[in-house]
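Below, chains carry the letters A, B, ... as their sequence lines are ordered, and counting in each starts from 1. Fair warning: this is a prediction, and the values are worked out from it, not measured in the lab.
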Amino acid sequence: MASVRVRFAPSPTGYLHVGGARTALFNWLYARKHGGVFILRIEDTDLQRSSDAMVQGILDGIHWLGLDPGEGPLFQSSFLEEHRAAAQRLIDEGKAYYDFTPKLETDDRTVKEKMVDRLKAQAQTGKEPNPYRDIPAEEARARVESGEPAAIRLKVPSSGVSRFEDMVYGPQERDYSDIEDLVLIRSDGHPLYNLSVVVDDIQMRITDVIRGQDHLTNTHKQVLLYQALGARVPRFAHLPLIFAPGREKLSKRKHGEVVSVTTYRDRGFLPDALVNFLALLGWSPGGDLEIMSRNELIEKFSLEQVNKSAAVFNFNESDARDWTDPKALWMNGEYIKSTPLDQLSPMVSGFLKEAGLWRPEYEAERSEWFGRTVDLLRARYRTLADFAELGRPYFTDDFPCDPAAVKKNLKDDRLKQLLPELASRLESLAEFTHESAEAALRSLADEQGIKAGLLINAARTALTGQSVGPGMFEIMVALEQTRTVDRLRRAVHLL
RNA sequence: GCCGCUAUAGUGUAAGUGGUUAACACGCCGCCCUCUCAAGGCGGAGAGUACGGGUUCGAGCCCCGUUAGCGGUACCA
């Protein structure tokens with residue numbers, strides 16, 4: 001068997017959405033697993049909607065996910081002549097014919113209804129074969145040469161059964177009588193999808209076609225084309241679709257940016273985390289294992305373990321906190337916790353720069369502090385963006401104060417005296433450490449006969465504006481003596 | 001209309017060739033951690049496997065039917 005060659009063939013619709021990303025990933029994993037080649041082909045034959053910017057959107061997504069192709073990007077539009085030549089060959093061999101039926105005008109919204117109406121009517125009257133299917137070749141050629149517009153259709157056998165084996169869905173059968181003579185070339189000379197994919201896949205020597213389940217039934221048409229063109233039929237594997245919440249089809253139009261992979265990049269996902277999450281949508285290694293590195297995914301991946309039923313991707317744009325699938329966020333958090341600090345820190349600094357919180361000394365004389373602080377914060381963050389938002393008080397004095405936190409922790413009147421006193425005691429410490437700060441605070445609490453918790457929680461809000469966060473003395477060490485003291489004094493204004 | 005695909009807790013998945021009280025993760029709820037938490041630890045609720053038949057000593061796994069969802073059926077991709 002020839003070595004594996006697979007392709008991901010998106011149309012350039014502006015950005016890569018999670019469904020496409022999952023398809024790309026499975027192709028990539030399969031290629032890696034079998035030592036094959038992963039090829040990217042842009043299906044830009046829908047000329048009206050293709051632009052460089054749209055192509056770039058796809059490329060950005062693929063690249064960020066780390067799924068760079070071994071070959072490509074190739075552009076389908078550059079093979080138009082091959083597509084036409086293939087159709088011409090089928091005409092010459094009598095496997096296709098010219099159809100002079102005038103093109104009927106359809107607009108996108110009503111195609112489906114019109115088609116159903118037509119088919120219903122046809123069910124009553126019975127199907128009639130295309131009147132041009134068997135007209136003499138000479139006559140057809142003469143009409144074409146005289147300039148009469150004609151589409152080219154494939155001659156589909158009138159009886160018999162089409163069969164192929166799908167690596168995910170198993171054996172597939174379809175009666176030829178259920179397949180109409182498909183149009184290969186439009187009457188304006190434009191090649192159609194089914195012809196283009198097959199010609200390209202043959203030319204690129206694709207061995208395994210791995211794509212969305214929406215192509216499953218049309219595969220029979222393509223098999224017919226492979227056979228007509230005398231080419232070897234590749235293996236097919238169709239992947240279950242990914243649905244939006246409510247089990248509806250994922251659509252860029254309706255769901256917008258939440259389904260674009262660049263959104264995940266921009267909102268602080270690690271590519272490895274998204275890859276890991278996507279891999280589990282429609283596939284599992286068989287047991288309880290969920291967190292897997294790329295190499296583990298490659299090692300464990302197999303099409304036999306791919307599911308047949310569609311998976312729901314549970315995003316929710318209106319929820320500020322759980323804006324996307326909670327499990328994806330959880331998994332990203334796991335990656336934030338476990339990624340080696342020297343790899344994580346540069347990703348964090350990217351987000352700080354974006355928020356205007358970055359200082360060059362963080363990678364110079366303050367790099368040790370920076371690493372420690374990132375390490376402290378990451379335990380409870382789920383996205384890289386959290387470092388610039390929730391983590392803001394650690395990088396600037398200009399941070400927001402949560403009113404609920406103030407109400408909860410700074411409402412006690414005694415704090416008006418206690419906080420400045422705490423500030424003074426911390427200021428006088430010769431060595432400012434977790435231990436010395438804690439000792440100072442606790443002795444103050446003892447002397448005043450109050451619980452240390454009162455001071456600790458008040459200090460947390462005074463220092464960070466929040467009611468949640470790391471251990472109090474760890475926060476102090478991260479903020480260091482001067483900023484700790486200043487913020488405790490300033491907090492009196494909040495009381 | 002016709003053809004096809006699918007169906008396990010809210011979500012993602014387990015449960016090789018039918019065999020103990022259907023498992024795990026996320027989410028949810030509670031408790032603990034008494035310095036908080038959206039962190040961590042522990043525990044709990046939640047499906048009887050879409051529904052109805054059948055085969056079998058025994059079915060989530062096999063068969064038939066129904067329903068629902070989805071896909072295809074285009075001179076869309």
Base paired to [N] (Watson-Crick or G-U; both N/O distances under 3.5 angstrom):
N: B/C51; result: B/G65
N: B/G60; result: none
N: B/A23; result: B/U13
N: B/C2; result: B/G72
N: B/C35; result: none

Of the options [options], whose atoms approach the side-chain atoms of [X] most closely?
X: A/Lys337; options: B/A25, B/A39, B/U11; value: B/A39
X: A/Ala151; options: B/C26, B/A77, B/C75; value: B/C75
X: A/Lys408; options: B/G12, B/U36, B/C26; value: B/U36
X: A/Ser309; options: B/A25, B/C5, B/U6; value: B/U6
X: A/Asp325; options: B/G4, B/C76, B/U11; value: B/U11
X: A/Tyr169; options: B/A25, B/C5, B/C2; value: B/C5
X: A/His215; options: B/G1, B/C35, B/A77; value: B/A77
X: A/Pro326; options: B/C5, B/C26, B/G71; value: B/C26
X: A/Asp214; options: B/G72, B/C3, B/C37; value: B/G72
X: A/Glu334; options: B/G40, B/C2, B/A77; value: B/G40

Quick one: label [X] by what it contacts on the DNA or RNA (base, sugar-phosphate, nothing), any heavy atom closer than 4.0 Å.
X: A/Leu119; result: base
X: A/Val116; result: base
X: A/Asn218; result: base
X: A/Gly333; result: nothing
X: A/Pro470; result: base
X: A/Lys103; result: base
X: A/Gly453; result: sugar-phosphate
X: A/Phe277; result: nothing
X: A/Arg382; result: nothing
X: A/Thr101; result: base
X: A/Ser284; result: sugar-phosphate

Rounding to an integer number of angstrom, what distance separates [N] and [M] when you compare their [atom1] atoms?
N: B/C51; M: B/A22; atom1: P; value: 15 Å
N: B/G60; M: B/A15; atom1: P; value: 15 Å
N: B/C35; M: B/G16; atom1: P; value: 50 Å
N: B/C70; M: B/C29; atom1: P; value: 31 Å
N: B/C42; M: B/G58; atom1: C1'; value: 38 Å
N: B/C57; M: B/U73; atom1: P; value: 47 Å
N: B/G52; M: B/G43; atom1: C1'; value: 39 Å
N: B/G71; M: B/C32; atom1: P; value: 49 Å

Please tell me whether [X] and [Y] have a donor and an acceptor in their side chains that are separated by less than 3.5 angstrom.
X: A/Ser146; Y: A/Arg141; value: no
X: A/His83; Y: A/Asp200; value: yes
X: A/Tyr132; Y: A/Thr101; value: no

Return no unless some side-chain N or O of [X] is found under 4.0 Å from OP1 or OP2 of [N].
X: A/Lys249; N: B/G69; value: no
X: A/Arg174; N: B/U73; value: no
X: A/Asn314; N: B/G10; value: no
X: A/Asn307; N: B/A14; value: yes
X: A/His190; N: B/A77; value: yes

(request) Please work out whether B/G71 sits syn or anti, treating a glycosidic angle within 90° of 0 as syn. (result)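 Glycosidic conformation of B/G71: anti.
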(request) Taking A/Tyr97 for its side chain and A/Asn130 for its backbone only, find out whether a donor-acceptor pair lies under 3.5 Å. (result) no
Integer-rounded Å distance: [N] [atom2] and [X] [atom1]:
X: A/Asn457; N: B/U36; atom1: CG; atom2: P; answer: 7 Å
X: A/Asp288; N: B/C26; atom1: CG; atom2: C1'; answer: 14 Å
X: A/Ile179; N: B/C3; atom1: CD1; atom2: P; answer: 14 Å
X: A/Trp330; N: B/U11; atom1: CH2; atom2: C1'; answer: 13 Å
X: A/Ile336; N: B/A38; atom1: CD1; atom2: C1'; answer: 13 Å
X: A/His220; N: B/G71; atom1: NE2; atom2: C1'; answer: 13 Å
X: A/Asp386; N: B/C37; atom1: CG; atom2: C1'; answer: 13 Å

Answer yes or no: side-chain N or O of [X] and base N or O of [N] forming a donor-acceptor pair under 3.5 Å.
X: A/Ser187; N: B/C75; result: yes
X: A/Lys451; N: B/U34; result: no
X: A/Arg380; N: B/C37; result: yes

(message) Within the 4.5 Å heavy-atom criterion, are A/Asn332 and A/Arg382 side-chain neighbours or not?
(response)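 The answer is no, as the side chains (C-beta and beyond) never meet within the 4.5 Å cut-off.
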(message) I want to check a possible cation-pi pair here: A/Arg143 against A/Phe100, using under 6.0 Å from ring centre and within 45° of the ring axis as the test.
(response)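 Yes, A/Arg143 lies over the aromatic ring of A/Phe100.
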(request) Tell me whether the guanidinium CZ or amine NZ of A/Arg267 lies under 6.0 angstrom from the six-membered ring centre of A/Trp323 and within 45° of its axis. (result)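 Yes, A/Arg267 sits over the ring of A/Trp323.
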(message) In terms of relative ring orientation, are A/Phe315 and A/His255 parallel, tilted or perpendicular, with 30° and 60° separating the classes?
(response)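 Geometry flag for A/His255 against A/Phe315: perpendicular rings.
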(request) Please tell me which of A/Lys327 and A/Tyr381 maps to the more 5' nucleotide of RNA chain B, matching each residue to the nucleotide holding its nearest heavy atom. (result) A/Lys327
(message) Reading RNA chain B from 5' onward, which residue's closest nucleotide shows up sooner: A/Met472 or A/Gly286?
(response)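 First, find each residue's nearest nucleotide; the 5'-ward one identifies A/Gly286.
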(request) Check A/Val209, A/Val168, A/Leu216 against A/Phe236 for a side-chain contact (heavy atoms from CB on, under 4.5 Å) and give me the one that passes. (result) A/Val209
(request) Mind running ring pair (Phe, Tyr, Trp, His ring centres under 6.0 Å) on A/Phe26 and A/Trp283 for me, showing each step along the way? (result) CA-CA 9 Å; A/Phe26 282 22; A/Trp283 172 81; 7.0 Å; no
